[in-house]
Amino acid sequence: MFSKILIANRGEIAVRIIRACHEMGIKSVAVYSEADCDALHVSLADESVCIGKAASKDSYLNQNAIISAALATGAQAIHPGYGFLSENAEFAALCEKYSIVFIGPSAEVISKMGDKDTARSIMAAAGVPVTKGTGILKDADEAKKAAKDIGYPVLIKATAGGGGRGIRLVEKEEDLEAAFSSASTEAEGAFANGDLYMEKYLYPVKHVEVQLVCDNAGNVVCVGERECSIQNRNQKLLEESPSTAVTPKLREKMYAAAIKAAKAVNYTSLGTVEFLLDTNSDFYFMEMNTRLQVEHPVTEMVTGVDLVKWQIRIAAGVALDFTADDVKVNGHAIECRINAMGGADNCVRLLHSPGGFGVRFDTALYQDYKVPPFYDSMIAKLIVHAKTREEAIRKMEAALCEIVILGVETNRDMQVSILEDKDFIKGEYYTDFCKKKFGGK
Ligand code: ADP
Ligand code: ADP
Ligand code: MG
């Protein structure tokens, strides 16, 4: 096992990983930007190294600075968390070059799965169902022709996309050109790759994803599914496990497809296969996330599997000590992402975290902490676990109402109204839920 790991991230996920390291007897090294001197992950880690200025590109995305910090502190492995460099194949390769273990799959697998167009081709060839769509489109004219063939509405998607960015819904031909150009510009800016492709827009659909844990000995185990259909502008807002739409028979089929997907690329480490699930219980591969997922805690709560610890163990060459038969899903878990809504006063003047039986609050906030404006707007994750979905919903509502984060405006009220919605309560909701309920895109 490693004796020291560097965590190339910040916020709640850095804290989550540092905690796992401490429990495993592994020393932790935090890296931080000049804007994060007072961040919680810095004080919780055993050592810390400042890696640059506030802007992500100068610090958390600065590959050489992070590698230097690992070499200087003697860290044997780097955990990238999510976002930042977590799906950057070049960084995974750089780690390899310096004999530092990248805690994730190989650079080759990251690069295959990180390109959605390539991933779709691999999956289609492996017999995993994919939506009707195209390869990379040359220009808007080619897109127009393809859309005619596929049939509107269509979705234009950035092949390098992530976090819901670079996606445009196009319902009619006259909107296509503008959507194509704005998606391309957004993708170029966010991912330095403006390549776009097209998919049939499925409607109504649920987003259901399967958590995989794959060791280096070829063991591939599915650890439950998560439903993530509550989204705002294609960004997840609330997740739950299990999904109300997944019957045992369907679960078996989705697991089989997820395993096929993993085996098609000899996948190792944690990974998530995202599917779209329609009302006929047909499902389609959307993408594979080759990293720890934001919403991983709901899986941990219902299965009792500590995903971060397993991710670290697998990277150290440890084989899984459980099989699919050992994975039991108990009760129901829900996660609400608590996002800061902006505003000038971003100092946490008073903080009260909810607690109690089955309540987990993953955050890097503390009282008097000043939230820097440079990073992800997600400032906390509230996760609850109960015997039934109904009880979990009530528990979540009570816990949300208990939160006090004075000084930072959050989306808490929005989360409460989702939990009180009759369609949500019935479990009959789709990816358009927020658009229908709150308006907007
Ligand atoms: P996951 O697939 O783990 O659920 P998401 O798809 O929500 O994660 O987000 C993917 C990545 O994009 C995350 O690593 C997150 O850091 C980043 N991200 C998501 N939403 C935002 C946002 N509003 N601002 C900045 N970054 C974001
Ligand atoms: P990202 O990498 O940004 O997470 P995804 O490919 O996972 O991008 O898509 C993000 C979200 O967009 C999905 O969760 C889903 O709600 C929606 N979406 C993606 N593809 C389709 C599609 N073909 N039809 C309908 N909705 C889709
Ligand atoms: Mg996705």
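Quick note: numbers below take in every heavy atom, side chains included, and nothing from hydrogens, waters or symmetry partners. Each ligand, and each atom within it, is numbered from 1 in the order the structure gives.
Relative to the six-membered ring of Phe275, Arg251 misses at least one condition, a distance below 6.0 Å or an angle of at most 45° to the axis.
Taking the charged nitrogens against the carboxylate oxygens, Arg120 and Glu199 do have a contact shorter than 4.0 Å, which makes a salt bridge. Salt-bridge check for Arg165 with Glu186: failed, with every basic side-chain N at 4.0 Å or more from each acidic carboxylate O. Looking at Arg16 and Asp306, a side-chain N of the basic residue comes within less than 4.0 Å of a carboxylate O on the acidic one, giving a salt bridge.
The shortest heavy-atom contact between Phe424 and Ile418 is CB-O, 3.3 Å.
Within the structure, ligand 2 lacks Lys236 among the residues with a heavy atom less than 4.0 angstrom away. Under a 4.0 angstrom heavy-atom cut-off, Lys157 registers as being in contact with ligand 2.
Side-chain atoms of Gln293 and Thr272 form a donor-acceptor pair, as typed in the model, at a separation below 3.5 Å. There is no side-chain donor-acceptor pair under 3.5 Å between Asn339 and Ser377. Neither side chain, Glu390 nor Thr388, offers a donor N or O lying under 3.5 Å from an acceptor on the other.
The atom name of the N/O/S atom in Glu287 closest to the Mg ion (ligand 3) is OE2. The Mg ion (ligand 3) sits nearest to atom OE1 when only the N, O or S atoms of Glu274 are considered.
Checked options Gln211, Glu239, His296; the residue passing with Arg226 is Gln211 (criterion: side chain to side chain donor-acceptor pair (under 3.5 Å)).
Near Gln231, meaning under 4.0 Å from one of its heavy atoms, ligand 2 places the atoms 11 (C), 13 (C), 14 (O), 15 (C), 16 (O). Using a 4.0 Å cut-off to heavy atoms of Leu155, the atoms of ligand 2 that qualify are 18 (N), 19 (C), 20 (N), 21 (C), 22 (C), 26 (N), 27 (C). Close contacts of ligand 2 with Gly164, meaning ligand atoms under 4.0 Å from a residue heavy atom, involve 1 (P), 3 (O). Interface of Gly161 with ligand 2, defined as ligand atoms under 4.0 Å from a residue heavy atom, comprises 2 (O). Close approach of ligand 2 to Glu287 is summarised as follows: ligand atoms under 4.0 Å from at least one heavy atom of the residue are 1 (P), 2 (O), 4 (O), 5 (P), 7 (O), 8 (O).
For Glu199, a nitrogen or oxygen atom sits less than 3.5 Å from a nitrogen or oxygen atom of ligand 2, counting backbone and side chain alike. Looking at ligand 2, you won't find any N or O of Thr431 less than 3.5 Å from one of its N or O atoms.
Contact annotation: for Ile167 versus ligand 2, heavy atoms closer than 4.0 Å belong to the side chain alone. Only backbone heavy atoms of Lys200 (N, CA, C or O) come within less than 4.0 Å of ligand 2; its side chain stays farther off.
In summary, Glu209 places no N/O/S atom under 2.8 Å from the Mg ion (ligand 3), failing the contact criterion.
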